[in-house]
Structures are given as C-alpha cells and as structure tokens.
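Throughout, protein chains are lettered first and strands after them, A, B, ... in sequence-line order, and every chain is numbered starting at 1. Given the structure is predicted, the values throughout are model-derived calculations rather than measurements.
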There are 2 protein chains.
Amino acid sequence: MPTRSPAEKIRSTIPKVAGVSRRQQYSASTKRALVDVATRLFTEQGYAATSLDQVVAGARVTKGALYHHFSGKQGVFEAAFEQVERDASKRIRKALRGSRDPWEKALIGLRAFLEIVQDPSYQRVVIQEGPAILGYERFREQEERSSYGLVQDMVRDVLEDSTYDLSEEMLETFTRIFFGAMSAAGESVSSAADPRLAVARVETAIAFILTGLRTLADNGVELPDPADLLEQTDDE
Amino acid sequence: MPTRSPAEKIRSTIPKVAGVSRRQQYSASTKRALVDVATRLFTEQGYAATSLDQVVAGARVTKGALYHHFSGKQGVFEAAFEQVERDASKRIRKALRGSRDPWEKALIGLRAFLEIVQDPSYQRVVIQEGPAILGYERFREQEERSSYGLVQDMVRDVLEDSTYDLSEEMLETFTRIFFGAMSAAGESVSSAADPRLAVARVETAIAFILTGLRTLADNGVELPDPADLLEQTDDE
DNA sequence: TTGGGTACGTACTCGCGGTATGTGAATCTG
DNA sequence: CAGATTCACATACCGCGAGTACGTACCCAA
C-alpha cells in the first residue's frame, strides 16, 4: 500500500476495489467526487428528494467529509450548479469561436444553447431548481457570470450592429427578454417528443424574430424612449 | 395558553374573541383559511422554510384538519398555486375585455401581465417555486389552463392577423417563446429598483419586437418551414 | 337510538439536515 | 526525531418537521 506524501499526484489508474476506503485512493479529490455524485442525484431525483446520506454513500465517504468541504446541503447544490453552468458556458464559448458577424453569432449561440438545454443536468439543476434553491438573487449572480453574460454580449452586438445606441438598462431589458425566451424554448425542446424537430422549430421562430428586428434596423426605425410611456400615466 | 382541552369546548353563545377554536366561527371555510395562510407564508418565507405547524397555527386548526383537506404539504401548495393563478388570469381577462385589434390586445395583455407579475405571491409561488415544487410537467398543465392559454390566444391572433397560417407546433413554439420572454421580463420588473420604469422598458422592448414581426408581415415575408433546417444535417 | 359519515384533534414515528466530538495520518516546529 | 498542530475525514447524536394512526365531538338519516 503506497501511502505517498503528495496524495494529489496519484491521479492516474484508479483500480476501484470494493471495501477499500475511498480516502486512500485519492483523498484529494473527495470534494470532486461529492459534487459529481450530488449532481447525478440532483439531476435524477431533484434537490428535495435527494438525501445527504445518499450523496455521501455514493461518494463512499461520510457526512463528516461532506460538512468538512461544504457548508451544508445548499453548499453542495451550489457547487453542483456552478459546475454544470461552467461546462455549459464553456461549450457555448467553444461553439462561438470563429464567428464574426453578430447575426451569425447569435444564431450559432442559439444553436449551442439549444444543445445544452437538452442536457438533463442543466435542465434540472440550473433551470428548474436553481432559482428556487439558490434564491433568485444568487441565481442571477451566477447566471451573470456565465450563460447570461454570453447572451448579453450577443444581444449587444446585434443591437449595436443595428446602429441603435441603447442605454445599459435597455440592453439589460432586451437581454432578459431574450434569455427568458431561450430558456423557455429550451424547456419546450427538452420535453418534446422529437427534440431535433423541436430545435428546428425554435430556431425558425427566433430567426424569424431576429429577421424582424433586422428589417427595422435596415429601414432606420428608431427604438422609442421608454420614458415616453411614463408621461402619459404620470398622474394617477 | 391557547391550547384548550376537549372538555373546554364551548357550545353556548360565544363572543368572537381570539383564542376560541376557528372551527366554531366558520367551520365551513377551514380549507379556505388554510389556503390563505399557506399562500401568505409561502410568499413570505418560501415553500421549504414554511412548516405545516406554522400553517395550521395561522389558521388556528391542527394538522388533523390539514390532512383531512389536503394530501400533504404539496397538496396545500397546489391549492395555493391554483388560487394565485386563478386570480391572475381573471385579472388579465378583465383587462382584455373590450379590445378587438390583435396587436392592441397583445399590448394590453402584456401590460396586465406586467402588473400581475409584480404581485409577490405570483412571483414566489407561481414563477419561482411553482416549477420546482409541482414538477415541470404538472406546472405546465396548470399554466396551460390559465395565463399560458391567454398568451396562446394572443399569439395566435397576432400571427394569424399576419396571414401566416401556421401549424399547431409552430404556434406552440412561438407561444412558449413569448411566454418565456414575458415571464423573464416580469421577473426583471419585480426586482427592479423602479418597477414603473422597468415596466416601461419592457413594454418598449416587446412592442419593438412586435413591430418587427408586423413589418415582416406587411412586406409579405414568409415564415420558413422548420423541416428545411433538418435536411441539411439529416446525415450524421 | 343508533349507525355511519364528516371534520377535525392528539399523540406518535421516523427520516433527514445539521452538530459536536473523536481520530489517525500528515505536516510543522524546536 | 519527539512532540504539537492541523488536516481530512469518521462516529454518534440531536431536533425539527412531514406524515400517520387513532380517537372524538358533531350532524344527519333511517
């Protein structure tokens, strides 16, 4: 039994033998194992239906280990959430590489997003349970740093390509709307009988909407000032 | 100490003083009282942080009563959910009364929806926790019967006004997208520093998008067939 | 009057999140 | 190289809260 000092070095060749304490196999990656198991269980059963006992059993450790690495059940969920999100935004960024034209980028990004949204973990952990478990504030903070940020870049490019020079708030508003649209589209894709056909429909619909915006831009139609809407009801 | 023993049950004329059993005051509406209290607590604290003991205490009954009327905690939540949704769709329907032009109806409906989405109960119970608690399938079933159905009517009217005659699936797709967009918009409104200004921004943005679609319609631009997108990748 | 159904109340169990504390091995210190 | 300290867990336990079993007062029909 090779009890080596830098246990982190043993990353290769993992002979998984039953009965052996996980700790001796690769103690440094206990945390990662916990997150992996938790992600799987959360995806399959949901947050509430998953007990920490199941998680630690799956990772072949005990609750002591879990509470050593995480603040609690919610902490584990956050770690799982971040991992799933990181993977997702990485995939989108990869797909986006090479595209230059903002409208093309938007479509490429949409396509990548529709792929990702078919991932059960992304569906359950990020979209469905994320907001409720993390709380809406934290959920938005996380999104900001990943997929939402990508959508924002796309929207900015597209709208600025249309020579609109819009305020931060309007950019934010458009981004929220498109992000919501894409999320909802993704959910509908995920529960469709034929996902590929569903993806095609969503692409068609959103491309159509984008075409509409582009036409407006080409015709020099200006984006109204939202403040105008307020004046007419400013006395109530 | 408000815990009364069975012997203390008062059967003669009772002054309406706090501390008497709720049952004797209006036993017929115990269920309603439970739902009301539950809705309030779910809104304020969320589903997980609300205990059934709090609910029954608020309604001045015991768990026996609750489990007589509902199947469990989830059952209570469903009842609360349905009530909040019923109120919401009622308000939208009311606002929609009188409008004829589909584009105008869409804007009116949007405005009404943006009002509703500022209601804390709707935010928390329907939007945030609804999907996670009910499960996505049940959540969609419920939505189908209320606000989603309204959006679908609006989308159908608008798109058919554009002389597109689209398939049920494309209608469904467009509706999902718009519903998602409006939900997301609603959430951004609900957490905005100045809700009224946020509403104005959302209205501006969506109206702009609708204008784009309308322009396409006026110019006779056709909606592509989603099946076209599939062919080019049909061999893999 | 009595039997059954309704509308609760009471008392209990048990799973699960969280905590307090123990422990062997690795690391640091003199 | 012996202690001291810290790390990375393991073990044992607690309390809260959802759900259940069962009892009971009231109402109505026959």
Handout entry: Nearest-neighbour nucleotide for the B:H69 side chain, C:dC8, C:dG9, D:dA10 considered
Key = C:dC8
Handout entry: Among C:dT19, C:dC8, D:dT20, the nucleotide that comes nearest once only the side chain of A:Y67 is considered
Key = C:dT19
Problem - D:dC9 phosphate, OP1 or OP2, under 4.0 Å from A:T30 side-chain N/O - result: yes
Between [atom2] on [N] and [atom1] on [X], what's the gap in Å once rounded to a whole number?
X     : N      : atom1 : atom2 : answer
A:H68 : C:dT23 : NE2   : P     : 18 Å
A:L66 : D:dC9  : CG    : C1'   : 11 Å
A:F70 : C:dG17 : CZ    : P     : 15 Å
A:K73 : C:dT19 : NZ    : P     : 15 Å
A:K63 : D:dA10 : NZ    : P     : 13 Å

Problem - Which atom of B:V202 lies closest to which atom of B:S188, heavy atoms considered - result: CG2-OG, 4.4 Å
Fill in the blank from the handout: ring-ring contact (aromatic ring centres under 6.0 Å, His included) filter on B:Y67, not counting sequence neighbours, yields none
Exercise for the section: Could you check whether A:G72 gets within reach of a base, just the sugar-phosphate, or nothing at all, counting any heavy atom under 4.0 Å? Expected result: sugar-phosphate
Practice task
Before accepting this row, confirm whether a basic side-chain N of the pair A:E172/A:R140 lies closer than 4.0 Å to the acidic partner's carboxylate O.
Solution key: yes
Problem - Check ion pair A:R176-A:E144 (N to O, under 4.0 angstrom) - result: yes
Fill in the blank from the handout: Residues of residues 36-53 of chain B with a heavy atom under 4.0 Å from any atom of DNA chain D, listed by number, are B:T50, B:S51, B:L52
Problem - Non-neighbouring partners of B:S121 that pass side chain to side chain donor-acceptor pair (under 3.5 Å), sequence neighbours left out - result: B:T43
Problem - Min side-chain heavy-atom separation B:I127-B:V117 under 4.5 Å - result: yes
